[in-house]
Amino acid sequence: MTGSYPATRLRRPRATAWSRALYRETVLTPADLIWPLFVTEGKGVEEPVGSLPGVSRWSLDGIAARAKEAVTLGIPCLALFPNTPVSLRSDQGDEALNPDNLMCRAVKAIRDACGNDIGILTDVALDPYTSHGQDGLLDLEGYVVNDDTVAVLVDQALNQAQAGADIIAPSDMMDGRVKAIRMALEMAGHPNVQIMSYAAKYASAFYGPFRDAVGSGGLLKGDKKSYQMDPANAEEALREVALDLAEGADGVMIKPGLPYLDIVRRVKERFEVPVFAYQVSGEYAMLEAAAAAGAGERDALVLETLMAFKRAGCAGVLTYHAPLAARLLDG
Ligand code: PBG
């Protein structure tokens, strides 16, 4: 209920810092952040990703060091993405099922370095492993087939769980994969391995730098519109979320982030479940470009956008700015 001026002056509580702190409706802490990391082969390797200034691919030793840094910063979870050597990419993406692949070795390196002090989220989809850069298996016309892909994704998820992943995050947008993965995890003795589904993932122009980072960009022909969602659709996102929850998702993710905060809000209000958002590579690159061009101040831009995710209803945010934000929030 709002009265009228001058009895009501909304500026009154804004006058001092202590009062603004007292009246603040939303809090952002390092515990709200999930830090995506790119993994590469080698030892002592740090490869800067050209289209993501400030982000690098790290070899396993570097990944372990980043994990320790995350623990120190209070970041509760890492998300891993491998840059699979080109020689190991194939039509069917078989390397995804190799128990000794880069992803599995990264999971183990983090566990060795940090024990259970940090959560490890692993992405389930075939694009870092296929020679064509699509997330699934192709038929003769080049269409990404659903059910055969799901069967492979189940094996990929089990492979990651076996390596020690805490959260399986299917980003492939196949129908029915959450249920298939949940059942397989239960049967294989992984009842506490979580599923965070990329429930509403849009066919977006904001993924470009990520595809550079995992090395699938140059390989990809065409687009992903036959499985990722049409940016024009919101009701469909609610149906995607409803299905993934019914199939056993512990949390649901909306992706990309800022352009889709309306979806975050509607999902939160409708389902009252943990909602996460991915502030994706193109969003990170835009903020960095704005800061570099002097169009805004980096630290303030980063914290404002992350607060917006919390205000919209997110339980947490995947962001490449996680270490910067955690440092700013600490200081
Ligand atoms: C792959 C995947 C993508 C991202 C996360 N997992 C790219 C895509 O679907 O092409 C994008 C993340 C980002 O842009 O930061 N399934």
Side-chain angles (χ1 to χ4, degrees), residues 33-39 49-57 77-84 89 93 95-96 102-103 121-130 132-138 144 146 149-150 152-153 156-157 160 165 167-174 177-178 181 195-231 240 252-260 276-289 302 305-306 309 316-322:
L33 306 172
I34 299 176
W35 185 8
L37 289 169
F38 298 108
V39 196
V49 180
S51 50
L52 287 175
V55 173
S56 295
R57 304 181 195 97
C77 189
L78 303 174
L80 298 178
F81 300 95
N83 184 319
T84 308
R89 297 184 195 220
E95 180 63 9
L102 199 47
M103 179 75 112
L121 177 154
T122 53
D123 202 79
V124 166
L126 297 182
D127 54 321
Y129 312 92
T130 52
H132 44 71
Q134 294 287 0
D135 293 24
L137 306 178
L138 308 182
V144 174
N146 195 86
T149 297
V150 170
V152 181
L153 297 177
Q156 180 183 20
Q160 294 171 350
I167 306 179
I168 301 294
S171 72
D172 53 282
M173 290 299 280
M174 298 301 117
R177 88 283 206 215
V178 172
I181 291 170
I195 297 178
M196 185 190 294
S197 74
Y198 290 71
K201 176 172 176 181
Y202 289 85
S204 170
F206 285 98
Y207 304 150
F210 172 95
R211 293 177 189 169
D212 288 347
V214 300
S216 68
L219 302 172
L220 183 65
K221 292 173 210 74
D223 55 45
K224 301 190 177 183
K225 291 180 182 171
S226 81
Y227 46 105
Q228 298 178 352
M229 281 182 55
D230 182 340
E240 283 284 3
V252 290
M253 198 199 301
I254 311 301
K255 176 186 174 187
L258 284 187
Y260 297 86
F276 297 83
Y278 199 144
Q279 186 173 44
V280 298
S281 56
E283 297 178 73
Y284 173 95
M286 278 200 321
L287 291 174
E288 286 297 314
V302 168
T305 62
L306 293 175
F309 285 100
V317 189
L318 290 90
T319 175
Y320 302 96
H321 278 123

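For ligands, and for the atoms within them, numbers begin at 1 and follow the listed sequence.
Residue-ligand proximity: Asp172 is placed with every non-hydrogen atom at 4.0 Å or more from ligand 1. Under the 4.0 angstrom criterion for non-hydrogen atoms, Tyr284 is not in contact with ligand 1. Judged by the shortest distance from any of its heavy atoms, Gln228 lies inside the 4.0 Å radius around the atoms of ligand 1.
Sorted by first and then second residue, the side-chain hydrogen bond (donor to acceptor under 3.5 Å, both in side chains) pairs involving residues 201-211 (not counting sequence neighbours) form an empty list.
Counting only heavy atoms from C-beta outward, the side chains of Asn83 and Phe38 never approach each other to under 4.5 Å.
Among all non-hydrogen protein atoms, the one lying nearest atom 15 (O) of ligand 1 is Tyr320 OH, 2.6 Å. Remark: minimum distance from atom 14 (O) of ligand 1 to any protein heavy atom is reached at Ser281 OG, 2.7 Å. Protein heavy atom closest to atom 12 (C) of ligand 1, with residue, atom name and distance, is Phe210 CD1, 3.3 Å. Atom 2 (C) of ligand 1 has as its closest protein heavy atom Lys201 NZ, 3.3 Å.
The closest heavy-atom contact to atom 8 (C) of ligand 1, among the options Met253, Lys255, Gln279, Lys224, comes from Lys224.
Applying the side-chain hydrogen bond (donor to acceptor under 3.5 Å, both in side chains) test between Thr305 and each of Gln279, His321, Glu283 identifies Gln279 as the sole match.
Defined by atom type and a distance below 3.5 Å, a donor-acceptor pair is present between the side-chain atoms of Ser51 and Asp212.
Atoms of ligand 1 found under 4.0 Å from any heavy atom of Asp127, numbered from 1 in the order shown, are 1 (C), 2 (C), 16 (N). Of all the atoms in ligand 1, the ones that sit under 4.0 Å from a non-hydrogen atom of Arg211 are 8 (C), 10 (O). Close approach of ligand 1 to Tyr278 (heavy-atom distance below 4.0 Å) involves ligand atoms 12 (C), 15 (O). Atom numbering of ligand 1 starts at 1 in the shown order; those under 4.0 Å from a heavy atom of Ala125 are 16 (N).
Among residues two or more places apart in sequence or in another chain, the salt bridge (Lys or Arg N to Asp or Glu O under 4.0 Å) test is passed with Asp123 by none.
Considering all non-hydrogen atoms of both residues, Pro170 and Met196 come closest at CD-O, 3.4 Å.
Interatomic distance, NE2 of His132 versus CG of Leu137, reported as 7.0 Å (0.5 Å rounding).
When atom types are taken as modelled, the side chain of Glu95 and the backbone of Thr130 share no donor-acceptor pair closer than 3.5 angstrom.
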